[in-house]
Amino acid sequence: MDERREARESGSGGWTRWAVAGPPTVFLLAFFLVPAFIVVAASFREPGEFGGLVPLAAGWRAAFSMEAYRFLSGDLVYAQIFASSFAVAFATTLICVVLAYPLAWLIARSPRRRRDLLVLLVILPFASNFLVRIYAWIMLLGPANLLYTPFAVIAGMVYVHLPFMVLPLYTNLEKHDPALLEAAQDLGANAWTRFWRVTFPLSLPGIYSGSALVFIPVLGMFAVPELLGGTGDILIGNLIKEQFLDNRDWPLGSALSIGLTIAVLACAGIAAAGARRGLQGTEAVS
Amino acid sequence: MRRRSQWILWAASLAVYAFLYVPLAVVVIFSFNDSMLNAEWVGFTLAWYEKLLGDGEMLRAAGNSVAIALLSSSVATVLGAMAGIAMHRYRMPWLPLLVLTPVAMPEILLGVSLLLFFRQVLDLTLGFFSILVAHITFSIGFVAVIVRARLAGMDEGVFEAARDLGATPWMTFRRVTLPLILPALVAGFLMSFTLSIDDFVITFFVAGVGVTTLPLQIYSMIKVAVTPEVNAVSTLLMALTLTMVLVATRLAPDVMRRGR
């Protein structure tokens, strides 16, 4: 692989390289990386009187402080909201696994021609606007008196994120060697045992990557709790939105964003480690 | 035994498909319902669509959405293609990280960081320009992934042949690479167009008060009340993005199958 890449590279001089990679790099440095660092910097600043931040001209003492972090750690409410965000993300992921599994399995075991159609049918609802999908649940749950409850939040979260679980799981299940299941059957394992001892352990890498794709966006979601949840169903995302748009306490909002970033990085790390360990397991089996 | 487990699998899958489709079907059906309330079926009407056509605010929002989507996906296609080619061809380990992180992180983080950047650092009035920049930022990664996948599936021999025949890098690009990645470029463009016209979260933070897009308009409507007009605009939007996705799937089947 690396040799091939070297062969590809050898033909072009240094300037072509930068002519190609330069423009997108500069754009993303300016509008992704720099803003990301500004969030870090803003979290150590003092909020301005009418929103924004205290200007740097006011001097180091007036402009910088740890106040946002002191505030966050001083009030148990924030820890509780982080905890309930994790709980919602966990429940959503778990339900997504349960719902996605039969679907992914059916698709993986279908004949090639039908497979593409079945996958397309999973992606299509996903092509409708995110707000439209939430609105559908407002319509459905309103008459049933289930709107503005934790149930509605979870239902909406699952609905919006389910395809993210189906696709990686299907990609994983598709690769399984049917000979393994046949071998298990020949050795006398029934369907139940075959599933739990062969298929499920082999599909763990797929579950891990699907979980990362569901868990991470759910952690930061604000629109679902805002539209489907009650006042008590606030998550980290709502808290961040509140600080930036309603209370206009930008340092506190920034500090919360950093908290969310750390949580996301931790989850991504766990998922990556899990997927890798799972893969090693696969090698051991096959 | 085999038969029965097969049957259970189909039944469970059909239930999940129903879970995916019934809510959207309800939205579509009630957009044709001749009643202010979204409660029971009264009779067929196109009145809600007529009402939409007369809704100046909604039309302006739709116009903004289309303009931003066209501009942002054009720029994102060019920048994303460059990033995709560079990721495929050069050893720059930091490049995928820079290009793909904006795609992988929760949207709200990109939204607030751009809000801070535009207001605090650039002291810019939020509006058309800030939305445009934000949309380009999150679209680049998608185009790059599609283009890279297309290049990875190709025979390197054609590029070597072009070089051996004395083509300059520019000629190789113009006469060999570009025609070969064209389907990926069209798919990438359609993908970013769809993402842009659909985006709510990031736009919500960088839009300010002056400029409204279609999703923002829908949001402010459904925050207040459930009206069949929302069903009508949702149905139209669904038809539009559905067409886009189907065309994109046709053009780059191997890419779309792998999901986002």
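Each chain gets a letter, A, B and so on, in the order its sequence line appears, and its residues count up from 1.
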Check whether [X] gets within reach of chain B through its side chain, its backbone, both or neither, counting any heavy atom under 4.5 Å.
{"X": "Leu99(A)", "result": "both"}
{"X": "Ala19(A)", "result": "backbone"}
{"X": "Phe27(A)", "result": "side chain"}
{"X": "Ile216(A)", "result": "both"}
{"X": "Ile107(A)", "result": "side chain"}
{"X": "Ala30(A)", "result": "backbone"}
{"X": "Leu245(A)", "result": "side chain"}
{"X": "Leu140(A)", "result": "side chain"}
{"X": "Val122(A)", "result": "both"}
{"X": "Val264(A)", "result": "side chain"}
{"X": "Leu103(A)", "result": "both"}
{"X": "Phe31(A)", "result": "both"}
{"X": "Ala36(A)", "result": "backbone"}
{"X": "Ser254(A)", "result": "side chain"}

When heavy-atom pairs shorter than 4.5 Å are enumerated against chain B, which of [options] gives the highest number?
{"options": "Phe37(A), Phe244(A), Tyr159(A)", "result": "Tyr159(A)"}
{"options": "Leu227(A), Ile240(A), Leu29(A), Leu219(A)", "result": "Leu227(A)"}
{"options": "Leu121(A), Leu33(A), Val34(A)", "result": "Leu121(A)"}
{"options": "Pro35(A), Pro102(A), Ala21(A)", "result": "Pro35(A)"}

Chain A: which of [options] shares the most heavy-atom pairs with it under 4.5 Å?
{"options": "Val27(B), Ile136(B), Ile197(B), Leu109(B)", "value": "Leu109(B)"}
{"options": "Ala12(B), Ala81(B), Ala83(B)", "value": "Ala83(B)"}
{"options": "Ser113(B), Ala134(B), Gly141(B)", "value": "Ser113(B)"}
{"options": "Thr194(B), Ile8(B), Leu242(B), Ile108(B)", "value": "Ile108(B)"}
{"options": "Ile140(B), Leu14(B), Val78(B)", "value": "Ile140(B)"}
{"options": "Tyr21(B), Tyr219(B), Phe159(B)", "value": "Tyr21(B)"}

message: Under a 4.0 Å threshold between the charged nitrogen and the carboxylate oxygen, would Glu156(B) count as salt-bridged to Arg89(B)?
response: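 Glu156(B) and Arg89(B): not salt-bridged.
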
query: So, Lys241(A) and Glu226(A), do they make that salt bridge, N to O below 4.0 Å?
result: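 Glu226(A) and Lys241(A): salt-bridged.
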
field: Distance-only side-chain donor-acceptor flag, Thr193(A) / Asn190(A), under 3.5 Å
entry: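 Yes - a donor-acceptor pair under 3.5 Å links their side chains.
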
message: With no hydrogens and no angle check, just 3.5 Å: does a side-chain donor-acceptor pair link Asn129(A) and Tyr135(A)?
response: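 The criterion, which ignores hydrogens and geometry beyond distance, is not satisfied for Tyr135(A) and Asn129(A).
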
Toward chain A, the part of [X] with a non-hydrogen atom under 4.5 Å:
{"X": "Phe118(B)", "answer": "side chain"}
{"X": "Ala104(B)", "answer": "backbone"}
{"X": "Val121(B)", "answer": "side chain"}
{"X": "Trp94(B)", "answer": "side chain"}
{"X": "Leu237(B)", "answer": "side chain"}

message: When you measure from the side chain of Arg115(A) to the backbone of Ser110(A), do you find a donor-acceptor pair of N or O atoms at a distance under 3.5 Å?
response: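 It does hold such a pair.
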
- prompt: Do Ser128(A) side-chain atoms and Leu124(A) backbone N/O form a donor-acceptor pair below 3.5 Å?
  reply: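 It does not hold such a pair.
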
- prompt: Relative to the ring of Phe204(B), is the ring of Phe200(B) parallel (under 30°), tilted (30 to 60°) or perpendicular (over 60°)?
  reply: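 Aromatic pair Phe200(B)/Phe204(B) classed tilted.
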
query: Is the charged tip of Arg133(A) near the ring of Trp137(A): under 6.0 Å from the six-membered ring centre and within 45° of its axis?
result: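 Judged by the rule, Arg133(A) and Trp137(A) form no cation-pi pair.
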
message: With side chain to side chain contact (heavy atoms under 4.5 Å, CB included) as the criterion, how do Met92(B) and Leu97(B) come out once you've worked through the C-alpha distance, each side chain's angles and the decisive distance to 0.1 Å?
response: CA-CA 10 Å; Met92(B) 297 175 163; Leu97(B) 216 58; over 6 Å; no

- request: Check step by step if side chain to side chain contact (heavy atoms under 4.5 Å, CB included) holds for Leu126(B) and Arg119(B).
  value: CA-CA 8 Å; Leu126(B) 297 177; Arg119(B) 290 299 300 129; 3.8 Å; yes

Please confirm whether the ring centroid of [X] lies under 6.0 Å from the ring centroid of [Y].
{"X": "Phe32(A)", "Y": "Phe138(B)", "answer": "no"}
{"X": "Trp192(A)", "Y": "Phe195(A)", "answer": "no"}
{"X": "Trp18(A)", "Y": "Tyr90(B)", "answer": "no"}

How many angstroms lie between atom [atom1] of [X] and atom [atom2] of [Y], to the nearest 0.5 angstrom?
{"X": "Ile218(B)", "Y": "Phe130(A)", "atom1": "CD1", "atom2": "CZ", "value": "12.0 Å"}
{"X": "Gln243(A)", "Y": "Leu252(A)", "atom1": "CD", "atom2": "CG", "value": "4.0 Å"}
{"X": "Met244(B)", "Y": "Asp198(B)", "atom1": "CE", "atom2": "CG", "value": "10.5 Å"}

- prompt: For Gln120(B) and Trp250(A), what are the C-alpha separation, side-chain angles and deciding distance, and is it a side chain to side chain contact (heavy atoms under 4.5 Å, CB included)?
  reply: CA-CA 10 Å; Gln120(B) 202 62 42; Trp250(A) 288 9; 3.5 Å; yes

